Amino acid sequence: MSCCGTPRKPNEEEGNRITPFNTGHITQQPGSHPGLQFNEKGFQSPPLSPPPAALQFGANGSSSSPPPQPWGSPGHSPPAMAQFNPYAQNGSSSTGSPDTFSRLLTPQVLQPSPVHAYARTMTTSPPMALSNPQVVSPPLAQGASFSPPSDEGKIVVSIDFGTTFSGVAYGSSRIASGKVQQILQWPGSFETFRKVPTCLLYDEQGQVLAWGLEAKNASPMPGTTRCEWYDLFLEPKALRDDGEIDPRLPQIPPGKRALDLIVDFLSCLWEYAKEQITREIGAVADLDSADVWLTVPAAWDAKGCDIMREAAIAAGLVQSSRAGDRDWRDRLRIITEPEAAAVHCAHLTDLHRLRPSQNFIICDAGGGTVDLATYKVIGQMTNLEIAEMCARSGANCGSIFLDLRFRELVRTLLGDHPAHLDPASLAYFMHAFSETDKLAYMGEIDDDKLFYFTCFNVEDTDDPSVGLVNGELAIPGVLLRSEVFDPVVNQVLDLIEEQVRKTDQHIDALLLVGGFSGSEYLFKRVEEKFSSRIKTIARPADADTATCRGSAQYGLARRPLVSSTIVPRSYIMKVKLPAEPEDWMKRPAYIRENDSGVSICENRMQYLVVKGAILRKGQRVKTKFCKFSQSAQDHVFVATLYTSDTDKVMRYTDEGETTELCKWTVDLASLPSFQQNANMPHASGFYTEFELGLELDSAEVRGILLYQGQEWGRVVFDFLA
């Protein structure tokens, strides 16, 4: 009888197993540590109403502290900036009416901005909006033509940084006809893995002793701390409230932050990946100038993505490759996991029988999160393009929550046997469950079976009443189903049901990817619930690496394979507006007279873009603003950006259901309009009109300062704690 329950036989259900690429195995261990052993096998993780219209004027906004020097500071004209979107091509502008918001609700083919720079941020008082948002693009330069990117042949490396497992893929147009060349292999004792555990082992001084498989399979040792599942600390609620962190998750070591752990792991992963890629393709591997694509969960907001960007840069994933290389940060791209997986699955058209105009849902069920997104296949299959059809969603209900529930079940069963509840014993039980029964469990047909787990401490007395006999713990299958599997699997089914409901169109295929999709019980329950409504329900043979492959394919395509996205949440600014009768009736306490004697209502909400809006990749939403300055020294403008996950359109900040996301600073001193007003005498100050633009990628958010339709500079948001 196996100490890990009842595993599959070696040749059992061979058709459902994930077969590695037929590539040479790497024989060198990554960073070997004496005394630590590899385990034989690892679990492979796998129409909305527009906001109220109003005539909008400016108001005072100043800072009490000396401003930093972002782009646009005195003496600076806009520098020659790096191209933000690698797929952007100059094209004619397609600008809508300035007094309408409806353009946000329909897809439009607009050209992305070709410029990008960075600046620091600081705080002042709220801004004043001048007009409703509109979607714009910069004009086509005189004599410009459409041409392919000049950096063809560049290496593209994708990193799927997962809660339980991480993977690396790479490719180049110079090798293998531009296809994804390789999924890096990770050596174990008896077999080669395509993903490596996202795990670290620290000593008492906080130094990394081991990482990956070595850290995952290390036995508990005095003075060491094993860290895993730490990316869940970047989930939006956890970032803003420590009380929202699941208490069952492993604690971050003292003196460390989740950011520090991510930097350490990415550093180890990147060094190993560079060695192996260089070994495999030799001189072709110019990794110093490689484009790096990093995946994040769909449920993350811009703050989590910003932390991941910070960590990746600190880990050296991108860096300056030559003198004058000012654009190196732009080589790091962040993409959501379901978007990357959708790109890969959409290419498997023969397998999934996807055709133009058909809709499909991606369910990326990983170790920590389950992410969902709906896409439509558009264009011709020879020039594949997909478009997002409704706002993506996700939740923390990945496979590790089976592990956590299993641990709680063991603690309950053995509550009167503390000899089996020490950390080493619990880790032993969890390892046995995770390596075999978690994926092989079949559900109701296993209700009458007993699943056996060998105890780490075999000297304790037997207790048949809880299944403790002869050094083994026997757990009935029906108990595993009711206490461990069903609560988590039902949450995944509810997420899929909600995504189907939101799409409001016929779904032709539901594709499951990620390590958790390898669960036989999960796949069976999905088929039972949705097969009558969705013709094709499938999981690719390479489901556990679909995200990693898809992000690499995206990078190699050198064009936006996902042509449009659905804004998953509203982006709003706190503004002051001329008081209206409704304000006098509802919020008289918010009304003040400004320095010009105009009655102004404070704490109003100005929507930059509403939840559910359809935006083309690289599309820009802009809003006119006005800043009141007392003097020429009052030239720094700061706004607070809020988000809201509700469909409700709010008028005031106290209506709730909003979250402060970040602050962004703009130095207006270099604007010609500001300089002209500043050089003229004004007894009571002056106003400066300008525009702020918002760019929403699949994962990141960026702000732009505009003047007379031209980009004057960019800012990097100062994300709030």
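These numbers were taken from a predicted model, which means no experiment stands behind them. Worth knowing before you read on, the calculation uses all heavy atoms, side chains too, and leaves out hydrogens, waters and symmetry mates.
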Engineer: Please tell me if the side chains of C345 and V513 come closer than 4.5 Å, counting only heavy atoms from C-beta onward.
Structural biologist: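 They are in contact (side-chain heavy atoms under 4.5 Å apart), so the answer is yes.
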Engineer: State the CD1-OG distance between I281 and S172, to the nearest 0.5 angstrom.
Structural biologist: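 Here the interatomic distance stands at 7.0 Å.
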Engineer: Can you check side-chain contact (heavy atoms from CB on, under 4.5 Å) on F360 and V377, steps first, answer last?
Structural biologist: CA-CA 8 Å; F360 66 98; V377 180; 3.8 Å; yes
Engineer: Are the side chains of M573 and Y607 in contact, using a 4.5 Å heavy-atom criterion?
Structural biologist: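 In short, these two side chains do not touch, never coming nearer than 4.5 Å.
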Engineer: If I take atom SG from residue C397 and atom CG from residue L495, how far apart are they, to the nearest 0.5 angstrom?
Structural biologist: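 Nearest 0.5 Å value for the SG-CG distance: 4.5 Å.
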Engineer: When rounded to the nearest 0.5 angstrom, what distance separates CG in L511 from CD1 in I362?
Structural biologist: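 If I round to the nearest 0.5 Å, the distance is 4.5 Å.
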Engineer: Evaluate the criterion side-chain contact (heavy atoms from CB on, under 4.5 Å) for residue pair D508 and H506; output intermediate values, then yes/no.
Structural biologist: CA-CA 6 Å; D508 299 283; H506 177 71; 3.2 Å; yes
Engineer: Using 0.5 Å steps for rounding, measure from the OH atom of Y554 to the CG atom of D291.
Structural biologist: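 If I round to the nearest 0.5 Å, the distance is 13.0 Å.
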Engineer: Could you go through I704 and R620, starting from their C-alpha distance and side-chain angles, then the distance that decides it, and tell me whether this counts as side-chain contact (heavy atoms from CB on, under 4.5 Å)?
Structural biologist: CA-CA 9 Å; I704 315 101; R620 180 183 297 166; 3.8 Å; yes
Engineer: Run the numbers on W270 and L317 for side-chain contact (heavy atoms from CB on, under 4.5 Å), then give the verdict.
Structural biologist: CA-CA 7 Å; W270 184 240; L317 271 60; 3.9 Å; yes
Engineer: Going by salt bridge (Lys or Arg N to Asp or Glu O under 4.0 Å), name the residues that satisfy it together with K524, two or more places apart in sequence or in a different chain.
Structural biologist: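 K524: salt bridge (Lys or Arg N to Asp or Glu O under 4.0 Å) contacts with E444.
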Engineer: Taking only residues two or more places apart in sequence, or in another chain, which ones meet Y571 in a ring pair (Phe, Tyr, Trp, His ring centres under 6.0 Å)?
Structural biologist: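 Applying ring pair (Phe, Tyr, Trp, His ring centres under 6.0 Å) to Y571 gives none.
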Engineer: Can you name the residues that form a side chain to side chain contact (heavy atoms under 4.5 Å, CB included) with S393, not counting sequence neighbours?
Structural biologist: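 Per chain and number, S393 pairs via side chain to side chain contact (heavy atoms under 4.5 Å, CB included) with L372, Q499, K502.
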Engineer: How many angstroms lie between NZ in K529 and CG in N490, if you round to the nearest 0.5 Å?
Structural biologist: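 The CG atom of N490 is 8.0 Å from NZ of K529, to the nearest 0.5 Å.
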Engineer: Side-chain contact, heavy-atom cut-off 4.5 Å: D301 with L661?
Structural biologist: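 Yes, side chains in contact.
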Engineer: Taking L692's backbone N and O only, do any of them form a donor-acceptor pair with K622's side chain (distance below 3.5 Å, no angle check)?
Structural biologist: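 No; zero donor-acceptor contacts below 3.5 Å.
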Engineer: If you round to the nearest 0.5 Å, how far is CZ of F161 from CD1 of I262?
Structural biologist: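 It comes to 4.5 Å.
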Engineer: With a 4.5 Å limit on heavy-atom distance, are the side chains of T369 and L232 in contact?
Structural biologist: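 T369 reaches L232 side chain to side chain.
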Engineer: Can a side-chain donor-acceptor contact be found between T547 and E337 if the only test is distance below 3.5 angstrom?
Structural biologist: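 There is no such pair (donor and acceptor under 3.5 Å, judged by atom type) between the side chains of E337 and T547.
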Engineer: Would you name the heavy atoms of I496 and L510 that are closest together and state the gap between them?
Structural biologist: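 Heavy atoms only, the tightest pair is CG2-CD2, 4.1 Å.
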Engineer: Quick one: do E527 and K535 satisfy salt bridge (charged side-chain N to carboxylate O under 4.0 Å, His left out)? Show the steps, please.
Structural biologist: CA-CA 10 Å; E527 282 191 314; K535 181 178 180 180; over 6 Å; no
Engineer: Applying salt bridge (Lys or Arg N to Asp or Glu O under 4.0 Å), can you list everything that pairs with D494, at least two apart in sequence or on another chain?
Structural biologist: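 Salt bridge (Lys or Arg N to Asp or Glu O under 4.0 Å) list for D494, sorted by chain: empty.
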Engineer: For R569, which residues count as a side chain to side chain donor-acceptor pair (under 3.5 Å) partner, sequence neighbours excluded?
Structural biologist: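 D645.
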Engineer: Should E711 and L706 count as side-chain neighbours, where that means a heavy-atom distance under 4.5 Å?
Structural biologist: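 In short, these two side chains touch, coming nearer than 4.5 Å.
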Engineer: If we count only N and O atoms by modelled type, under 3.5 Å, do the side chains of T503 and T374 hold a donor and an acceptor together?
Structural biologist: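 Yes, because at least one side-chain N or O of T503 sits under 3.5 Å from a partner of the opposite role on T374.
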Engineer: State which residues pass side chain to side chain donor-acceptor pair (under 3.5 Å) with Y521; sequence neighbours excluded, sorted by chain then number.
Structural biologist: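 If we apply the side chain to side chain donor-acceptor pair (under 3.5 Å) test to Y521, skipping adjacent residues, the hits are D486, R525.
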Engineer: In chain order, what residues pass the side chain to side chain contact (heavy atoms under 4.5 Å, CB included) check against S531, with sequence neighbours excluded?
Structural biologist: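 So S531 forms a side chain to side chain contact (heavy atoms under 4.5 Å, CB included) with I537.
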Engineer: Under the rule for side chain to side chain donor-acceptor pair (under 3.5 Å), what residues qualify as partners of E497, not counting sequence neighbours?
Structural biologist: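 Counting only residues at least two positions away or on another chain, E497 forms a side chain to side chain donor-acceptor pair (under 3.5 Å) with R533.
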Engineer: Return each pair, listed once, that meets salt bridge (Lys or Arg N to Asp or Glu O under 4.0 Å) where at least one residue sits in residues 387-397; pairs must be two or more places apart or across chains.
Structural biologist: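 Listed once each, the pairs are E388-R392.
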Engineer: Does any donor atom in the side chain of D160 or S166 lie under 3.5 Å from an acceptor atom in the other side chain?
Structural biologist: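 No, no side-chain donor-acceptor contact under 3.5 Å.
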Engineer: Looking only at heavy atoms, what is the nearest atom pair of C548 and A169, with distance?
Structural biologist: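 That would be SG-N, 3.3 Å.
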Engineer: Are M308 and L234 packed together at the side-chain level, in the sense that at least one heavy-atom pair is separated by less than 4.5 angstrom?
Structural biologist: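 Counting from C-beta outward, M308 and L234 do come under 4.5 Å.
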Engineer: Closest heavy-atom contact between M605 and I572?
Structural biologist: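 Smallest heavy-atom distance, with atoms named: CE-CG2, 3.4 Å.
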Engineer: Restricting to non-hydrogen atoms, name the atom on V488 and the atom on G398 that form the minimum distance, rounded to 0.1 Å.
Structural biologist: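 Reported closest heavy-atom pair: CG1-O, 4.0 Å.
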Engineer: Could you pull out all residues at least two apart from E498 that satisfy salt bridge (Lys or Arg N to Asp or Glu O under 4.0 Å)?
Structural biologist: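 So E498 forms a salt bridge (Lys or Arg N to Asp or Glu O under 4.0 Å) with R501.
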Engineer: I want to check something: taking the side chain as every heavy atom from C-beta on, are L269 and V168 in contact at a cut-off of under 4.5 Å?
Structural biologist: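 Of all side-chain heavy-atom pairs linking V168 with L269, at least one is under 4.5 Å.
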Engineer: Looking just at side-chain N and O atoms, do Y375 and E339 make a donor-acceptor pair shorter than 3.5 Å?
Structural biologist: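 No donor-acceptor contact under 3.5 Å links the two side chains.
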Engineer: For the residue pair A299 and D371, what are the closest heavy atoms and their distance?
Structural biologist: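 Scanning both residues completely, I find the closest heavy atoms to be N-OD1, 3.8 Å.
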Engineer: With a 4.5 Å limit on heavy-atom distance, are the side chains of L561 and E385 in contact?
Structural biologist: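 Counting from C-beta outward, L561 and E385 never come under 4.5 Å.
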Engineer: Show the nearest heavy-atom pair for residues L608 and V621, with the distance to one decimal.
Structural biologist: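 Minimum heavy-atom separation between L608 and V621: O-CG1, 3.0 Å.
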Engineer: According to side chain to side chain donor-acceptor pair (under 3.5 Å), who are the partners of N396, at least two apart in sequence or on a separate chain?
Structural biologist: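 So N396 forms no side chain to side chain donor-acceptor pair (under 3.5 Å) with any residue.
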